[in-house]
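The block underneath contains the structure these notes are about, expressed in structure tokens.
Numbers here simply count residues along the sequence, with the first being 1. Start at 1 and go down the list; that is how both ligands and their atoms are numbered.
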Amino acid sequence: MAELESLEFGKSDFILLDEVTMEQFMENLKLRFEKGRIYTFIGEVVVSVNPYQHMDIYGKDSIEAYRGRELYENPPHLFSVSDAAYKAMKRRAKDTCIVISGESGAGKTEASKYIMQYIAAITNPALREEVESVKHVLLKSTCVLEAFGNAKTNRNDNSSRFGKYMDINFNFNGDPTGGHINNYLLEKSRVVQQQPGERNFHSFYQLLRGGSDDVLKSLHLDNDPALYTYTRQGATSNNDRSSHKAVLHALQVIGFTEEEIHSIYETLAAILLLGNLEFVCDGESVSLSEPLALTEISALTQTDPECVRTSLLYRTVATGGGDVIQKEHSQQDACFGRDAFAKALYERLFAWIVGRINSVIEVKNYNPVLHGKNTVIGVLDIYGFEIFDNNSFEQFCINYCNEKLQHLFIELILQQEQEEYEREGIVWEHVDYVDNQIIVDLVEQPHKGIISVLDEACLTVGNVTDTVLLQSLDQKLSQHPHYTPKGKDLNPNYNLLFQDFKRLMFSSCNGVLRQMWPDGQTSITEVTKRPQTAATLFKNSIVALVQKLACKEPYYVRCIKPNELKSPVLFDDARCRHQVAYLGLLENVMVRRAGFAYRQPYERFLQRYKMTCEYTWPNHLMPTDQEAVRAIVSQHGFDADVDYGRSKLFVRSPRSLFSLEQERNQLIPILVLFLQKVWRGALARMRCRRMRAIYCIMRCYKRYKVKAHFWEVERRFANVRNMADYGRSVQWPEPPAALCRFHRNTVNLYKRWWARQMVKNIPPSDMLEVRAKVAAYSALSGERKDWGVRRAWERDYLSNTCSSFVQVSKELRNKDDFSRVLFSGFCRKINRFNKSTDRALLITDKCVYKLEPKKQFKVLKRTPLQTVTGLSVTSGADQLVALHCSSQDDVLLCLQRGLLSPNQDRVGELVGSLVDQFTRRHLQKGRQTHEQIFSHFSCEEEETFIHEQRLQQSTSRRHITEPDRGRQPAAEGSPKCGSGAK
Ligand SMILES: Nc1ncnc2c1ncn2[C@@H]1O[C@H](COP(=O)(O)OP(=O)(O)OP(=O)(O)O)[C@@H](O)[C@H]1O
């Protein structure tokens with residue numbers, strides 16, 4: 001930025017001139033032009049001088065340098081004004097427009113192209129397809145419009161012969177969503193006649209030079225423009241061939257179909273062939289000299305050849321009596337009709353092309369609710385003042401248009417500004433400026449203006465000559481200070497295209513042509529209302545355009561043409577001075593300099609900059625907004641640079657504003673963070689409140705559901721009398737699904753608690769009842785855990801299953817005289833090599849027997865019970881039992897689980913039986929109590945005896961053994977047990 005500024009020459013803003021005089025202005029303009037500084041500011045207005053050479057200031061780097069920057073951050077450029085217009089549109093959602101004015105060749109069209117390119121480049125780099133397509137079509141449309149609407153003139157090789165106003169629509173995001181092109185007054189007279197040294201529209205030459213042989217053949221054309229009357233002049237070629245390709249490509253990109261493109265070529269060819277038609281008069285009637293051309297025209301326009309001939313030679317007229325007759329043309333009328341037809345064909349073709357482009361780029365599916373306010377940037381590139389030696393009706397219209405635009409400029413920039421100062425009570429030195437209202441009135445005033453007089457004259461054309469028209473003008477306007485009668489050829493005002501041609505074109509089999517001539521469907525008898533004249537049509541369109549511009553925030557580019565020779569080094573002082581004068585640039589500088597660069601209502605100023613001052617952020621406590629604004633201004637120390645109006649603040653220098661903007665930009669990220677923080681907090685609090693409410697509702701609902709559930713349970717259990725019912729008939733009512741989903745655990749807890757309440761009071765006097773109780777609990781609680789661990793001990797398992805054992809048992813009872821069997825069951829003997837064999841064990845109140853089950857329970861070992869001194873068991877699932885004997889011949893066996901009840905653990909049973917036996921014996925002898933016996937066992941071991949299930953569940957092996965086995969003989973009948981790791 002500093003680097004760029006140091007490269008500046010002269011004053012980059014005319015406001016900074018030491019003295020506002022024409023001399024200083026011109027000196028600065030010339031210096032800057034010579035140093036290649038073609039742009040200079042007047043406030044927000046950009047003055048541009050055509051460099052007539054390539055300038056390396058429009059590339060990507062430049063675009064980036066200007067993107068999003070303030071006007072005065074960078075040297076003056078078209079991009080600064082484009083960015084300002086874009087920013088105003090985006091920030092304040094205001095419609096803006098960029099008005100580019102200047103005379104022909106001053107560089108308006110080039111400027112408009114750079115502006116469009118800039119806007120396209122800075123919008124939406126995220127390449128969304130629809131946005132890209134809009135931009136693409138908008139850029140490509142320029143190429144097409146130039147081909148059909150531009151021509152080489154003596155002042156400009158690529159002169160726009162029509163006015164163009166392009167609206168670009170944007171969504172709230174600032175992305176282009178579409179556009180619309182308005183075209184104004186195409187110089188159609190150029191189709192049939194051009195000034196010496198000029199050419200027809202580019203499109204004709206491009207087709208003839210660039211069209212392939214096949215295409216030209218199908219169009220009945222030759223490739224030499226000199227062969228056609230309308231293009232004979234300026235037939236020398238430049239780059240028509242390459243332009244033809246570019247235009248064809250642009251048409252295809254925009255979306256013209258092959259048929260449409262061919263129809264365009266057919267129309268151009270028909271116009272060229274029409275121009276070659278000659279009429280001969282044999283004294284009585286007029287005829288065509290070249291009937292072949294007629295056939296070709298009818299083929300190209302897809303109309304009946306005879307109809308084409310009659311349209312060219314006759315005119316259909318409705319008589320007063322309602323009859324329709326054919327009136328033959330004079331030779332002159334026929335030539336006039338032919339040219340009028342050719343001009344109209346081209347004009348309608350051009351209008352159709354513009355309409356077709358509009359149909360592609362128009363905003364589609366725009367929903368203001370979804371997409372926000374649709375804003376617009378308008379770019380106006382319209383012909384500048386034209387003064388030739390021989391001026392025609394078109395020059396009249398063009399100059400009138402420029403007067404209107406100049407008036408708008410005066411109104412917006414000069415007049416309104418001064419009026420505003422007065423309204424706001426700002427002390428102000430009035431600046432005189434030339435108000436062209438009087439000239440605008442001279443042209444457009446109703447009844448008295450030139451256009452009105454012209455229209456009246458056209459009503460009676462044929463009977464009234466141009467001389468009579470001029471007399472009428474003289475008569476009405478001779479007193480006007482700006483009226484000097486000069487011209488005499490105003491015929492083009494009369495839009496005299498014979499109706500026959502319109503009907504002819506509407507009868508065409510070519511759909512595109514028919515679309516161009518919708519008014520051809522009116523029958524001759526219906527034509528009652530006279531069409532509006534060209535001048536009135538033009539006036540109306542320009543008035544509408546000015547209204548459109550006036551309601552937008554305007555930005556101006558004032559183009560100056562430095563010389564007539566298109567030279568990059570010549571600065572024609574007189575020419576430039578003339579342009580500066582009629583563009584009112586000096587007055588513009590005076591108003592700007594005397595005035596204020598920036599103004600804004602206090603409220604809006606405050607809204608934008610309140611964060612830059614501690615007294616105004618977030619809200620001020622002062623009595624008025626004006627005082628709050630004063631606080632901001634004095635805090636930043638530019639009191640001398642501002643003035644306070646009634647409702648607005650006026651800032652003289654943009655730099656003050658710039659410093660404010662800079663500070664604001666620095667603060668914005670901090671504020672954004674702060675607001676995000678506050679907002680996130682608010683959101684979290686909201687969410688938290690909502691969640692709390694949800695949980696509260698859920699809690700209440702669940703509580704209600706659970707209660708309702710237990711009420712139902714109570715109701716069902718109320719009638720239960722029989723204990724067995726708990727296990728059999730009474731079913732727990734299914735809890736509600738919602739409850740299960742949300743609170744299964746709660747339900748289960750409640751169930752278990754309830755089940756315990758229900759079974760608690762049942763006395764465990766009987767095993768059956770215990771079982772029923774357990775079953776009831778299971779049914780009630782839904783807990784499927786195995787509670788039935790307290791099965792009944794059978795003790796004598798072998799007697800219950802094996803008859804041969806019963807026999808052996810009887811024999812042994814007789815022999816050893818035992819009174820009862822303490823325990824019997826299958827077991828396995830394990831030797832030291834870990835080999836096992838089936839055995840049976842019988843313990844009576846006298847002896848322990850080891851039997852061989854495979855040999856009819858033959859007694860293998862008999863150990864008197866008295867000799868048993870201790871007992872060891874393992875806690876594992878192997879049910880290993882060791883009966884320690886005083887003879888040191890221990891019985892070591894693994895008790896087998898029953899085949900029918902594999903989960904039965906019999907160690908507890910064996911131990912219980914032995915304990916029972918010894919207890920009884922001691923009780924009988926009265927020597928030892930139950931506690932005394934168990935005092936030999938640790939608590940853990942006691943539990944081992946009582947809760948045999950623990951033995952099953954425990955994974956670690958526990959050993960109960962006699963600690964001093966073999967060394968300290970135990971007292972009779974009192975086994976000593978201990979524990980220790982094996
Ligand atoms: N910024 C520029 N850089 C380089 N050359 C330029 C620039 N502006 C204009 N020119 C040259 O000047 C010529 C005329 O410019 P342009 O066609 O934009 O004028 P105009 O004001 O639109 O004229 P008209 O009113 O006749 O259409 C261009 O063809 C180009 O050669």
Side-chain angles (χ1 to χ4, degrees), residues 32-33 35-40 46-59 62-63 66 75-82 98-118 142-143 145-166 183-187 190 194-195 197-202 238-240 243 246 350 379-388 391 394-395 397-399 401-402 405-406 556-572 575-576 579 582-583:
R32 289 180 67 76
F33 171 74
K35 298 292 182 188
R37 305 293 178 266
I38 59 168
Y39 300 117
T40 315
V46 171
V47 178
S48 154
V49 185
N50 188 342
Y52 279 120
Q53 61 178 318
H54 172 75
M55 304 288 291
D56 197 14
I57 52 171
Y58 305 107
S62 302
I63 291 175
Y66 282 86
H77 199 295
L78 287 171
F79 293 167
S80 359
V81 81
S82 316
I98 303 171
V99 180
I100 311 165
S101 52
E103 63 184 57
S104 178
K108 298 182 295 293
T109 310
E110 292 297 313
S112 77
K113 285 194 263 185
Y114 289 128
I115 290 171
M116 298 287 293
Q117 271 171 26
Y118 180 78
T142 315
C143 165
L145 293 180
E146 277 192 12
F148 289 88
N150 287 23
K152 177 185 181 302
T153 67
N154 290 325
R155 318 179 91 209
N156 182 358
D157 290 349
N158 184 29
S159 182
S160 308
R161 307 316 297 158
F162 69 107
K164 182 173 76 176
Y165 173 70
M166 186 183 279
N183 59 309
Y184 297 94
L185 189 75
L186 179 76
E187 190 197 33
R190 183 169 294 273
Q194 304 95 36
Q195 304 256 3
E198 298 194 350
R199 293 210 312 174
N200 208 324
F201 290 99
H202 296 323
N238 36 27
N239 51 1
D240 295 323
S243 301
F350 185 71
V379 181
L380 178 70
D381 164 25
I382 208 153
Y383 18 56
F385 284 107
E386 284 186 355
I387 305 147
F388 302 143
N391 296 297
E394 266 117 359
Q395 273 65 52
C397 288
I398 286 170
N399 291 340
C401 166
N402 275 278
L405 291 174
Q406 176 64 13
Y556 278 95
V557 178
R558 313 291 263 166
C559 299
I560 289 176
K561 185 175 177 174
N563 59 68
E564 277 297 331
L565 305 174
K566 300 164 194 160
S567 155
V569 288
L570 187 63
F571 187 85
D572 184 337
R575 279 207 98 269
C576 295
Q579 292 171 73
Y582 79 66
L583 287 171

Pairing residues for Asn563 by the side chain to side chain donor-acceptor pair (under 3.5 Å) criterion, not counting sequence neighbours: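 Listed in chain order: nothing, the list is empty.
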
Using a threshold of 4.0 angstrom between heavy atoms of the protein and any atom of ligand 1, which residues qualify?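 Contacting ligand 1 under 4.0 Å are Asn50, Pro51, Tyr52, Gln53, Tyr58, Glu103, Ser104, Gly105, Ala106, Gly107, Lys108, Thr109, Glu110, Tyr114, Asn156, Asn158, Ser159, Ser160.
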
Can we say Arg161 and Glu198 salt-bridge, meaning some charged N sits less than 4.0 Å from an Asp/Glu carboxylate O?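 No salt bridge links Arg161 with Glu198.
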
Are any of the side-chain nitrogens in Arg190 or Glu394 under 4.0 Å away from the carboxylate oxygens of its partner?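 No salt bridge links Arg190 with Glu394.
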
Passing candidate, side-chain contact (heavy atoms from CB on, under 4.5 Å) with Lys164, options Thr142, Asn183, Ile382, Val379: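 Between Lys164 and the candidates, side-chain contact (heavy atoms from CB on, under 4.5 Å) is satisfied uniquely by Thr142.
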
Please tell me if the side chains of Gln195 and Thr153 come closer than 4.5 Å, counting only heavy atoms from C-beta onward.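 A side-chain contact is absent here, since even the closest heavy-atom pair is not under 4.5 Å.
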
Can you measure from OH (Tyr39) to CZ (Phe79) and round to the nearest 0.5 angstrom?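 CZ of Phe79 is found 7.5 Å from OH of Tyr39.
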
